[in-house]
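Here the structure is laid out as structure tokens; the discussion comes afterwards.
Throughout, protein chains are lettered first and strands after them, A, B, ... in sequence-line order, and every chain is numbered starting at 1.
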Amino acid sequence: MSKGLPSRAEDYSAWYNELVKRADLAENSAVRGCMVIKPYGYSIWEKMQGALDQMFKDTGHSNAYFPLFIPKSYLSREADHVEGFAKECAVVTHYRLKASDNGSGLVVDPEAKLEEELIVRPTSETVIWNTYKNWIQSYRDLPILVNQWANVVRWEMRTRLFLRTAEFLWQEGHTAHATRMEAIEETQKMLKVYATFAEKFMAVPVLQGVKTESEKFAGAVDTYCIEALMQDGKALQAGTSHFLGQNFAKAFDVKFATKEGGLDLVWGTSWGVSTRLVGGLIMAHSDDKGLVLPPKLAPIQVVIIPIVRDKDQYALINEKVNSIIEKMRFHGISVHYDNRDTHKPGWKFAEYELKGVPLRLAIGPRDLENNTMEIARRDTLTKETVSMDNIEMLVKNLLEEIQDSIYQKALNFREENTSEVESYDEFKKVLKDKGGFVKAHWDGTAETEERIKKETKATIRCILLDEKEEQGKCIYSGKPSNKKVVFAKAY
RNA sequence: CGGGGUGUAGCGCAGUCCGGUUAGCGCACCUGGUUUGGGACCAGGGGGUCGCAGGUUCGAAUCCUGCCACCCCGACCA
């Protein structure tokens with residue numbers, strides 16, 4: 001195996017790409033823009049799914065499944081929605097192949113043309129609201145709180161493993177409500193769920209805010225989002241929660257009889273996070289030696305590596321280790337004992353560092369004599385020799401400490417890389433020299449936003465929910481503004 | 001879609017300018033031995049339609065023409 005990753009400082013982008021491949025998370029597939037998620041990468045996603053799914057259920061949601069294909073006409077029912085997604089849709093036009101006339105291979109059978117083309121879902125609002133029409137007659141049928149775990153396809157021009165792929169895995173929640181207020185509360189509630197997940201599980205601090213008119217979801221009234229900061233100073237949109245108003249109810253004619261005897265359009269929300277989170281997780285914590293995973297999402301929390309000179313010791317070590325594993329499992333710790341004799345300890349040390357396993361225990365002849373083990377932390381790369389007695393408690397505590405510690409580190413990084421500026425010159429200088437989040441006054445117009453984007457590549461990430469009101473002037477136009485907004489270059 | 005680049009073993013590359021034995025190297029892989037507390041060493045071995053198609057030539061990885069794929073930068077983008 002070739003040693004050493006490209007360093008972050010040298011080439012952040014190459015570092016990321018190499019890391020994803022070498023840590024066995026994912027690789028490019030034979031199909032352009034689509035990735036193969038390898039078992040180790042997929043198990044991180046499964047950890048994420050597990051935690052999120054529980055949180056969705058705890059907030060009253062149920063899972064369901066809607067079709068992969070959407071009749072083309074559905075997409076055009078909501079004007080903004082079609083505008084936003086039409087350019088990146090995969091389209092199914094036929095349902096059959098046949099042997100080609102010259103006998104070499106297969107061709108699309110022109111006889112088998114679909115009457116109406118199907119698009120592969122880029123998101124499921126349309127097919128779901130078309131279904132909700134049949135599910136909802138009365139206020140008694142509301143709310144509907146449904147989530148689906150699915151794959152979607154957006155034919156992106158340029159793709160990067162996990163961060164932007166043509167096909168990706170995600171969850172999309174789609175809820176229907178009787179009142180505007182209730183839908184808005186749902187939208188905000190799910191934003192909180194995402195923020196909590198990001199911070200508690202991924203150990204990634206996030207900003208919570210609302211998108212500007214030009215950045216919001218196609219078809220939404222308001223898009224709420226969480227934004228994370230990566231180590232290269234670029235922002236990553238990590239999750240979105242949309243207040244759809246009555247837009248999709250209008251488009252699909254979803255009305256309900258109100259308590260008062262009237263007839264009203266249903267209010268909707270939708271919210272989603274995707275496998276992009278895996279990319280964000282990698283970029284938030286990892287270093288030049290490889291992944292650094294938060295214990296709560298690490299597929300393996302502890303790896304134990306035996307160091308063996310002769311066969312007799314091996315039996316003794318196995319015995320010791322097995323009793324330790326049993327105790328750790330009892331405490332809910334996921335532990336992997338790598339006693340393969342096909343790889344040397346040094347090789348394993350490097351391998352598990354690359355894969356971001358939070359804690360590593362090594363046990364050899366020295367330890368057998370002294371009743372000790374060597375314990376090494378992935379996040380700090382420190383190691384010490386500790387007693388084997390009650391080591392499971394030490395491990396348990398250390399895992400919690402690592403989880404907190406990498407969150408704190410990421411939070412400090414974000415704070416150090418969040419700036420406030422009062423002028424456009426200062427804005428450009430900070431973006432160029434430092435990057436990160438830059439708070440500045442903005443006049444609220446799409447024109448200004450667009451010009452700043454053209455000139456600096458920075459976009460408005462969000463308008464913070466808890467931003468304080470203050471009188472100021474737009475850094476670009478000088479027009480009055482009562483709030484700063486958050487700019488950054490973004491993925 | 002514009003600009004640039006690359007296609008040679010599983011991976012990373014040299015060889016191409018200036019055509020000429022059997023196409024090399026590192027890693028990985030297989031066998032045997034010695035090793036094992038930070039990516040071991042020695043010896044032996046296997047693996048190639050040189051992206052595809054056509055052309056020039058006694059002879060093409062190398063020259064010519066066409067095509068394809070991928071990567072990077074831009075444009076685009078929940």
If I pick the [atom1] atom on [M] and the same atom on [N], what distance separates them, to the nearest angstrom?
N	M	atom1	answer
B:rG19	B:rA23	C1'	14 Å
B:rC25	B:rU8	C1'	12 Å
B:rA69	B:rC29	C1'	27 Å
B:rC67	B:rG24	C1'	29 Å

Near RNA chain B, counting only heavy atoms under 4.0 Å, which residues of residues 195-218 of chain A show up?
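Within residues 195-218 of chain A, the residues near RNA chain B are A:Phe217.
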My understanding is that a pair needs two contacts under 3.5 Å, Watson-Crick or G-U wobble. By that rule, which nucleotide pairs with [N]?
N	value
B:rG66	B:rC52
B:rG74	B:rC1
B:rA61	none

Would you say A:Lys289 reaches B:rG39's phosphate, i.e. side-chain N/O to OP1/OP2 under 4.0 Å?
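Checking B:rG39 against A:Lys289, no side-chain N or O comes under 4.0 Å of OP1 or OP2.
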Show me the donor-acceptor pairs, under 3.5 Å and distance only, between side chains in residues 315-323 of chain A and residues at least two apart or in other chains.
| from | atom 1 | to | atom 2 | distance (Å) |
| --- | --- | --- | --- | --- |
| A:Asn318 | OD1 | A:Tyr337 | OH | 2.5 |
| A:Asn322 | ND2 | A:Asn318 | O | 3.1 |
| A:Ser323 | OG | A:Lys320 | O | 3.1 |

Pick base, sugar-phosphate or nothing for A:Arg360, based on heavy-atom distances below 4.0 Å to the nucleic acid.
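Base, at least one base heavy atom under 4.0 Å.
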Please classify the nucleic acid contact of A:Ser13 as base, sugar-phosphate, or nothing, using heavy-atom distances under 4.0 Å.
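Touches nothing.
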Do A:Glu450 and A:Lys454 meet the salt-bridge criterion of a basic N to acidic O distance under 4.0 Å?
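Salt bridge: yes.
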Please determine whether a side-chain nitrogen of the Lys or Arg among A:Glu27 and A:Lys21 lies less than 4.0 Å from a carboxylate oxygen of the Asp or Glu.
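A:Lys21 and A:Glu27: not salt-bridged.
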Separation of [X] atom [atom1] from [N] atom [atom2], in whole Å?
X	N	atom1	atom2	result
A:Lys453	B:rA75	NZ	C1'	11 Å
A:Leu361	B:rG38	CG	C1'	16 Å
A:Phe162	B:rA78	CZ	C1'	18 Å

Apply salt bridge (Lys or Arg N to Asp or Glu O under 4.0 Å) to [X] and list each qualifying residue two or more places apart in sequence or on a separate chain.
X	value
A:Glu46	none
A:Lys192	none
A:Lys216	A:Glu213
A:Glu156	A:Arg164

Ignoring hydrogens and angles, answer whether the base of [N] and the side-chain atoms of [X] contain a donor-acceptor pair closer than 3.5 Å.
X	N	result
A:Arg154	B:rC77	no
A:Lys457	B:rG74	no
A:Thr223	B:rA78	no

So which nucleotide from B:rC72, B:rC76, B:rC77 ends up closest to the side chain of A:Glu88?
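Comparing B:rC72, B:rC76, B:rC77 against the side chain of A:Glu88, the answer is B:rC77.
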From the list B:rC77, B:rC76, B:rA78, which nucleotide is the closest neighbour of the side chain of A:Met157?
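The listed nucleotide nearest to A:Met157's side chain is B:rC76.
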Checking A:His285 against A:Val204 for the side-chain contact (heavy atoms from CB on, under 4.5 Å) test, could you report, in this order, the C-alpha distance in whole Å, the side-chain angles of both residues, the deciding distance, and whether it holds?
CA-CA 8 Å; A:His285 303 304; A:Val204 174; 3.7 Å; yes
Of all pairs that satisfy ring pair (Phe, Tyr, Trp, His ring centres under 6.0 Å), the ones with a partner from residues 351-381 of chain A, not counting sequence neighbours:
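Pairs touching residues 351-381 of chain A that pass the test: none.
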Provide a list of protein-nucleic acid N or O atom pairs under 3.5 angstrom, restricted to nucleotides 35-37 of chain B.
| from | atom 1 | to | atom 2 | distance (Å) |
| --- | --- | --- | --- | --- |
| B:rG37 | O6 | A:Gly364 | O | 3.3 |
| B:rG37 | O6 | A:Pro365 | N | 3.1 |
| B:rG37 | O6 | A:Arg366 | N | 2.6 |
| B:rG37 | O6 | A:Asp367 | N | 3.3 |
| B:rG37 | O6 | A:Asp367 | OD2 | 3.4 |
| B:rG37 | N1 | A:Asp367 | OD2 | 2.5 |
| B:rG37 | N2 | A:Asp367 | OD2 | 3.2 |

Going by the rule side chain to side chain donor-acceptor pair (under 3.5 Å), which residues pair with A:Gln231 if we only count those two or more places apart in sequence or in a different chain?
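Scan of A:Gln231 (side chain to side chain donor-acceptor pair (under 3.5 Å), adjacent residues dropped) gives A:Arg8.
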